[in-house]
Number of protein chains: 2
Amino acid sequence: MSTTVITGIGELVTNDPAREGLLGLVADAAVVVEGTRIAWVGPTADAPAADVRVDAGGRAIIPGFVDSHSHLVFAGDRSAEFEARMTGEPYTAGGIRTTVAATRAASDEQLLSHVGRLVAEMRSQGTTTVEIKSGYGLSVLDEARSLAVAAQFTDETTFLGAHVVPAGTTPEDYVDLVTGPMLAAAAPHARWIDVFCEDGAFDVDQARAILTAGSDSGLRGRLHANQLTYGGGVRLACELGLVAVDHCTYLSDLDVESLSDSGTIATLLPGVEFSTRQPYPDARRLLDAGVRIALASDCNPGSCFTSSMALCLALAVREMRMTPAEALHAATAMGAAALARDDVGVVAPGKAADLVLLDAPSYLHLAYRPGVPLVAGVWQGGRPVLGTPTLG
Amino acid sequence: MSTTVITGIGELVTNDPAREGLLGLVADAAVVVEGTRIAWVGPTADAPAADVRVDAGGRAIIPGFVDSHSHLVFAGDRSAEFEARMTGEPYTAGGIRTTVAATRAASDEQLLSHVGRLVAEMRSQGTTTVEIKSGYGLSVLDEARSLAVAAQFTDETTFLGAHVVPAGTTPEDYVDLVTGPMLAAAAPHARWIDVFCEDGAFDVDQARAILTAGSDSGLRGRLHANQLTYGGGVRLACELGLVAVDHCTYLSDLDVESLSDSGTIATLLPGVEFSTRQPYPDARRLLDAGVRIALASDCNPGSCFTSSMALCLALAVREMRMTPAEALHAATAMGAAALARDDVGVVAPGKAADLVLLDAPSYLHLAYRPGVPLVAGVWQGGRPVLGTPTLG
């Protein structure tokens, strides 16, 4: 197995709990990659020899972003709906149906091509692990093929048949479909099951029934909750002991207490608030209460079509009172935790060699330089997948 | 002279007042480039032959961004100051002095290299015209060499000796220096003169004296005003008939009236409000009053280190109630107007061939997909300077 040593890393973010501080920073660092894994981390001065030597030239390296919430399997364009929203129309869950029609009409090849482009776009921005949901099929066949497409690109596939109730059926009948034939067709392609628990989508009792059925079929639960209004979704997630509950924009004190007590991760999606002009959740309130926070993109054609984890991080700092260190940790190590993964999000021996070289001396530049493409190189599972020709 | 025809442009933004709508959109368009200029614009079906043919594949083309406000000539890193500000420290003009010390200590080669990297970074994000200010030298020699460095990269150089009063001198003595020997040394390298008119920097009378002296030396005036507080700066700019006054964060009704009456362009810099957590100016209030608005980055190491005009546009839509069309127009045609340029910012025969190919079907995606690097190709003065291998 060939080895690579990356030396001269001005600032290495390890997220290694065995090191000091939230980010486990190492100055003038080196990393040895052996095959798909990290074999050694330490100061450049102590770095062992390797087959290939790459110099980072004093630039920073961070763990690849772990984007634990996205909806990449879709077709169609909703930029006109975005434009209308920006001139005063409110965001509602109903727009999802527009994408459903386009997705059903698309060929498998079109869906594969579209997802592949978005995954490549994410990778070029430093995302090395991405969760992908279905949810724009909403029929047995279209949900199953959406997940089969997603599974070509990631192990973190999520069955979201319960995204909205499609036209032409009742909520009761649709929940029966989702928990019955649709679940049976989707389960072989999915690791997770998710429900959009919100006014206009599914209520708490329906969400509970769907998550329970999913669990009986071997799928782990996650939940969209409290995005547009207060409600019981977050408490349901905590009651069921889900690993993560996503959005958490409207939280009562009781919701915060439940999150703190249960250990369920609150996955905040500030790109959604940016693109729907909603108020941002108060991350500081959650952190002060001991709640664990992940950041993810929610990349989707309706409420948030950004794929940039760096922008989400910058928004979390500007709008949600997270420190740059907390935001980066939430976008890497906590994203991994929100997917119940312990092999990514951390730069330490034995972990996956998912590394992002920044064209900057410090991770601070991710928030300090919002909107600027700072990713100079990416290794995914030990393979250089971006930017290697420009490496020193 | 060789000619190129770009065909299959799904949506062409021309900003041509002879066409319909603010953006003068043309669907399924073609553009012919002859040497450094645009020779023809129209439907692909009518496109004339040319030596080289490039197909845009249905993607959108916009005029290159015109960034009329930046401070790229500097050295040093202020990311730690940014981090402190994000955890509660207020932004003041005083931090400029940190950069002055580092800039004075840097070699000409270091300054050239640093500006060159930032200009390239801007170009890769679609900026084809950029104004660059001095203002981190604050001595006769350091201001003159800052402008000489800037002039290597752009014709739009601005003498900003009056950025702050440097340590070790009085405001009165410093204004004498700026209007005397420093202006004499700077003028051969500059087109514009600018003053930071603000509490803690220069007051209205000082700004008037400096702008008048600059005008006597053949430099056209611009002004930083009303960034941190209400004040007389905007009205001074209008009184003097300046082409643009920049920041305009705190505006009284009288300020708005003055802008409307004078025709002076208000250049808004939303990246600054993003990075200093200040309230955003209300662009809608200005537009409703008939004020002309430009958008620029203000790229600088202190208050805003973004170089992304696309992010500024997205912020203007999210936070300042501009429509996506108004924001794009302000970042292109109005940026050109703010630099008194009629050869850029518009795609029409005779104009500079500064074109940006987006990896998107519509300019709407610039705001719809915040933070995502959407620039797939750039022509600057007719030359392909980015992305050409992926064309066609």
Side-chain angles (χ1 to χ4, degrees), chain A residues 60 77-88 117-118 121-122 124-125 271 273-277 284 297 299 301-302 304-319 321-327 359-375, chain B residues 60 77-88 117-118 121-122 124-125 271 273-277 284 297 299 301-302 304-319 321-327 359-375:
Chain A
D77 187 287
R78 281 163 69 188
S79 55
E81 176 191 322
F82 168 82
E83 185 186 26
R85 189 163 70 237
M86 287 297 113
T87 51
R117 283 182 57 198
L118 288 170
E121 180 185 284
M122 287 179 156
S124 74
Q125 296 173 89
E273 279 80 31
F274 187 86
S275 291
T276 58
R277 243 193 233 130
R284 179 57 48 207
S297 73
C299 185
C304 176
F305 198 12
T306 191
S307 56
S308 168
M309 288 293 281
L311 180 72
C312 295
L313 185 157
L315 289 172
V317 170
R318 167 58 161 83
E319 305 289 357
R321 303 275 168 180
M322 297 182 84
T323 66
E326 287 166 346
D359 195 9
S362 168
Y363 77 88
L364 287 171
H365 282 233
L366 291 166
Y368 177 43
R369 308 209 63 206
V372 179
L374 289 178
V375 172
Chain B
D77 187 287
R78 282 163 68 187
S79 54
E81 176 191 322
F82 168 81
E83 184 186 27
R85 188 162 72 237
M86 288 298 113
T87 52
R117 283 182 57 198
L118 288 170
E121 181 184 284
M122 286 178 157
S124 74
Q125 296 172 91
E273 279 80 32
F274 187 85
S275 291
T276 59
R277 242 192 233 128
R284 180 56 49 207
S297 74
C299 185
C304 175
F305 199 12
T306 191
S307 55
S308 168
M309 288 293 282
L311 180 73
C312 295
L313 186 157
L315 289 172
V317 170
R318 167 58 160 84
E319 304 290 357
R321 304 276 168 180
M322 296 181 85
T323 66
E326 287 165 346
D359 196 8
S362 167
Y363 77 88
L364 288 171
H365 282 232
L366 292 166
Y368 178 43
R369 309 211 61 206
V372 179
L374 289 178
V375 172

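Values reported hereafter were calculated over all heavy atoms of this structure, with side chains retained and with hydrogens, waters and symmetry mates removed.
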Please report the shortest heavy-atom distance between B:F305 and A:V372, naming the atom on each side. O-CG2, 4.3 Å
Of the listed A:P361, A:P373, A:S362, the one with the largest count of heavy-atom pairs under 4.5 Å with chain B is A:P373
Please rank B:M322, B:M309, B:M122, B:Q125 by heavy-atom pairs under 4.5 Å with chain A and give me the top one. B:Q125
Check B:D77 against A:H365 and note the closest heavy-atom contact, atom names and distance. OD2-NE2, 2.8 Å
Given that the side chain runs from C-beta out, which part of B:L366 has a heavy atom under 4.5 Å from chain A: side chain, backbone, both or neither? neither
What one should report as the nearest heavy-atom pair of B:E83 and A:Y363 is OE2-OH, 4.0 Å
Going from CZ on B:R369 to OG on A:S307, what distance comes out if it is rounded to the nearest 0.5 angstrom? 5.0 Å
Answer key: most heavy-atom pairs under 4.5 Å with chain A among B:E121, B:R117, B:M86 is B:E121
Closest heavy-atom contact between A:S308 and B:P370? CB-O, 4.3 Å
Under 4.5 Å heavy-atom distance to chain A, tell me which part of B:C299 shows up: side chain, backbone, both or neither. side chain
To the nearest 0.5 Å, tell me how far B:E319 CD sits from A:E319 CD. 6.0 Å
Distance-minimising heavy-atom pair for B:R321 and A:R277: NH1-NH1, 3.3 Å
Ring geometry between A:F82 and B:Y368 (parallel below 30°, tilted from 30 to 60°, perpendicular above 60°): tilted
Given heavy-atom pairs under 4.5 angstrom as the criterion, report whether the side chain, backbone, both or neither of A:S79 touches chain B. both
Below 4.5 Å from any heavy atom of chain A, which atoms of B:A325 appear? Answer side chain, backbone, both or neither. neither
Can you tell which part of B:A360 gets under 4.5 Å to a heavy atom of chain A, answering side chain, backbone, both or neither? neither
